[in-house]
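Presented below is the structure to which this report refers.
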Amino acid sequence: NAGVTQTPKFQVLKTGQSMTLQCAQDMNHEYMSWYRQDPGMGLRLIHYSVGAGITDQGEVPNGYNVSRSTTEDFPLRLLSAAPSQTSVYFCASGEQSTMMGQFFGPGTRLTVL
Amino acid sequence: AQKITQTQPGMFVQEKEAVTLDCTYDTSDQSYGLFWYKQPSSGEMIFLIYQGSYDEQNATEGRYSLNFQKARKSANLVISASQLGDSAMYFCAMRGPTGANSKLTFGKGITLSVRP
């Protein structure tokens with residue numbers, strides 16, 4: 001199993017550009033989520049999904065869109081990048097039916113100039 | 001709403017000694033889970049240990065144990081026999097009941113440095 005994979009690992013954007021961060025998991029997990037990590041802030045939830053076709057907002061959803069067309073994939077779209085979106089982005093997946101931990105991808109370091 | 005508080009400044013411990021990392025939480029849910037994650041300098045998030053709110057015994061995973069005091073709403077991580085590889089950022093997190101509350105709420109983290 002590859003676990004949770006994220007691409008790209010690093011990305012530099014200019015203000016106003018759009019892009020999609022890719023996330024995939026091969027563990028057949030129902031639950032997937034996106035977090036951003038900023039210095040001194042811990043991880044904050046952006047969006048999450050409890051199954052294909054179902055998504056919901058987290059703590060900091062503004063400026064981001066998600067969709068979940070398959071169990072495996074959960075892409076995060078930045079519609080018009082802003083410097084405030086410079087961060088490290090983590091995708092995670094887990095089983096919704098148990099109270100166990102989520103598995104995290106390796107992260108994407110995004111810089112918006 | 002769920003809240004996790006980690007207020008310790010950077011922690012230092014001598015190799016082979018034990019260290020306790022503090023975590024307090026707040027929630028109105030009766031059923032919840034508590035987690036600790038390790039983030040080394042390489043950046044990945046590594047799941048360490050889990051404690052369910054109805055578990056009567058403290059969770060243990062190798063050198064990691066979770067000191068769960070429900071009445072005090074604390075879930076401290078104890079690392080025994082510290083190793084140099086334990087130097088990392090440690091995050092406490094919680095989730096509510098299954099379903100829509102599956103999301104994790106994280107604390108701001110604690111930096112642990114292990115001295116040789």
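Labels below follow one simple rule: chain letters A, B, ... track the order of the sequence lines, proteins then strands, and each chain is numbered from 1.
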| field | Side-chain hydrophobic cluster, 4.5 Å single linkage: members besides Val4(A) | value |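 Cluster partners of Val4(A): Met27(A), Phe103(A).
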Between atom [atom1] of [X] and atom [atom2] of [Y], what is the distance when rounded to the nearest 0.5 Å?
X	Y	atom1	atom2	value
Phe90(A)	Phe106(B)	CZ	CZ	9.5 Å
Gln102(A)	Met45(B)	CD	CE	10.0 Å
Leu43(A)	Lys108(B)	CG	NZ	13.0 Å
Met89(B)	Gln37(A)	CE	CD	7.0 Å

| Gln6(B) portion near chain A, given a 4.5 angstrom heavy-atom threshold |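 Neither the backbone nor the side chain of Gln6(B) comes within 4.5 Å of chain A.
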ILVMFWY network linking [X] to [Y], side-chain heavy atoms under 4.5 angstrom:
X	Y	value
Leu110(A)	Tyr35(A)	no
Ile46(B)	Tyr90(B)	no
Phe47(B)	Tyr48(A)	yes

| message | Out of Pro106(A), Gly40(A), Ser33(A), return the one with the most heavy atom pairs under 4.5 angstrom to chain B. | response |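 Going by pairs under 4.5 Å, I would pick Gly40(A).
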| Between Leu104(B) and Tyr31(A), what is the shortest heavy-atom contact and its length? |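 Where Leu104(B) meets Tyr31(A) most closely, the heavy atoms are N-OH, 4.5 Å.
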| Is there side-chain contact between Tyr37(B) and Phe104(A), with at least one heavy-atom pair below 4.5 Å? |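 Answer yes - side chains close enough.
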| request: Could you tell me which residues satisfy side-chain hydrogen bond (donor to acceptor under 3.5 Å, both in side chains) with Arg115(B), sequence neighbours excluded, listed by chain and number? | output: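 Applying side-chain hydrogen bond (donor to acceptor under 3.5 Å, both in side chains) to Arg115(B) gives none.
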| message | With a sphere of 6.0 Å drawn around CZ of Arg109(A), does it hold more than 12 non-hydrogen atoms of other residues, nucleotides or ligands? | response |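 No - once you tally the heavy atoms of other residues, nucleotides and ligands closer than 6.0 Å, there are 12 at most.
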